[in-house]
Structures are given as structure tokens and as C-alpha cells.
Amino acid sequence: QVMLVESGGGLVQAGGSLRLSCAASGRTSSNYGLGWFRQVPGKEREFVAAIRWRGSSTYYSDFVKGRFTISRDNAKNTMYLQMNSLKSEDTAVYYCAARDPSRAGSYDSRYTYGYWGQGTQVTVSS
């Protein structure tokens, strides 16, 4: 069981930057994959980025690749999403998630993740 809490969201101008944090507690091991998703009203929750809790493998959606960077600090049990060159279309609620090791599926599918934070709002003004 993993508990997740996001922070760092807020209002930023287009072209600016934000860093989101996700604090993890409970049972955390190399069996878990970790990721960031985002959701806007009326749309499905979509994949943003993923990283292994142990190791260095990272994955990005095409619409954030080159602008966002996912990272983690295992000693602090914290995952980060550095967001640069923000666009108005990046406005969304951002969620961190941990994969359920018992679920089969791709890293970019929300259905493979069994643990979710409550989300943090990111608003980019144009």
C-alpha cells in the first residue's frame, strides 16, 4: 500500500516553470512504477510521464517531451515533475500515481496504476 500527496501547483504565466512534488509513504519498493497524469474537465485522465522508483528509466508523452522532466529522490520518498515552457493547454489537475504490481499493462495506461494522490491544480495564463 502506497499513499501519495501532490504539491507545488499554482498559477503561472505561459512560458514559465513549476515544479510539482509527490510525497510517498507506506510500502514502497522497486516493484512499483510511478507516474504523473493530468485531467481537465470533460476529458479523460491522460498520461504525462513515468519513472521507476528504483532505477533510471523514464517515459514521456509526446506533448510534454522536451519540456517536462520527471525525477525522484528515494531518500526523501519524493517524486518530482519539473515543468518548463508551460503552455495554456498544460492547464489541468495533475495527479501522481503508483502502479499496482499485480496489474498488467503499459506505463502510459491509467488502469495499471492502483494508487493516486488527490491532485494539484496547475493553471497557465496565456
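A donor-acceptor contact shorter than 3.5 Å links the side chain of T120 to the backbone of G9. Checking side-chain atoms of E6 against main-chain N and O of Q118 turns up a donor-acceptor pair under 3.5 Å.
What you find for S88 and S126 is that their closest heavy atoms are CB-CB, 4.0 Å. Taking both residues in full, the closest heavy atoms of A23 and T78 are given as CA-OG1, 4.3 Å, listed atom of the first, atom of the second, then distance. Closest non-hydrogen pair, R38 versus A92, comes out as CB-CB, 3.8 Å. The two residues A24 and L4 come nearest to each other via the heavy atoms CB-CD2, 3.8 Å. In terms of heavy atoms, A97 sits closest to Y113 at CB-CD2, 3.7 Å.
The existence of a salt bridge linking R103 and D100 is confirmed by a sub-4.0 Å separation between a basic side-chain nitrogen and an acidic carboxylate oxygen.
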**Request:** Starting from the C-alpha separation in whole Å, work towards a yes-or-no answer on salt bridge (Lys or Arg N to Asp or Glu O under 4.0 Å) for E44 and R110.
**Result:** CA-CA 10 Å; E44 296 183 354; R110 64 186 184 274; 3.6 Å; yes
**Asked** Is there a side chain to side chain donor-acceptor pair (under 3.5 Å) between S17 and N84 once you walk through the steps?
**Response** CA-CA 4 Å; S17 299; N84 299 325; 2.9 Å; yes
**Asked** What's the verdict on side chain to side chain contact (heavy atoms under 4.5 Å, CB included) for T112 and Y107, showing C-alpha distance, side-chain angles and the deciding distance?
**Response** CA-CA 7 Å; T112 68; Y107 63 87; over 6 Å; no
**Message:** Run the side chain to side chain contact (heavy atoms under 4.5 Å, CB included) test on Y95 and Q39 for me, step by step, so that the C-alpha distance in whole Å, both residues' side-chain angles and the decisive distance to 0.1 Å come before the verdict.
**Reply:** CA-CA 8 Å; Y95 299 88; Q39 188 168 27; 4.1 Å; yes
**Request:** Could you walk me through whether M79 and C96 pass side chain to side chain contact (heavy atoms under 4.5 Å, CB included), step by step?
**Result:** CA-CA 8 Å; M79 177 176 63; C96 64; 3.7 Å; yes
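The cluster map of Ile, Leu, Val, Met, Phe, Trp and Tyr, joined by side-chain heavy atoms under 4.5 Å apart, puts W36 and L86 in the same cluster. Y60 and F63 fall within a single hydrophobic cluster, where Ile, Leu, Val, Met, Phe, Trp and Tyr are joined by side-chain heavy atoms under 4.5 Å apart, directly or via other members. Put simply, F68 and I70 are part of the same group of oily side chains (I, L, V, M, F, W, Y) that touch within less than 4.5 Å, one to the next. When the side chains of ILVMFWY residues are joined at heavy-atom separations under 4.5 Å, either directly or via intervening members, V48 and L20 end up in a single hydrophobic cluster.
Taking 4.5 Å as the limit, every side-chain heavy atom of V64 sits out of range of all side-chain heavy atoms of K87.
Residue S57 holds its OG atom at 8.5 Å from CD1 of I51, rounded to the nearest 0.5 Å. For the atom pair SG of C22 and CH2 of W116, the computed distance is 11.0 Å after rounding to the nearest 0.5 Å. Considering CG of L81 and CG of L34, their distance stands at 12.5 Å, rounded to 0.5 Å. One distance of note links CZ of R67 with OG1 of T69; it measures 11.0 Å at 0.5 Å rounding. Rounding to the nearest 0.5 Å places OH of Y94 at 15.0 Å from OG of S7.
By the neighbour-count criterion of 12 heavy atoms within 6.0 Å, atom CD of Q13 is sparsely surrounded, having that number or fewer from other residues, nucleotides or ligands.
Aromatic ring centroids of F47 and F37 lie under 6.0 Å apart.
None of V124, D90, V12, V122 except one satisfies the side chain to side chain contact (heavy atoms under 4.5 Å, CB included) rule with M83; the exception is V122.
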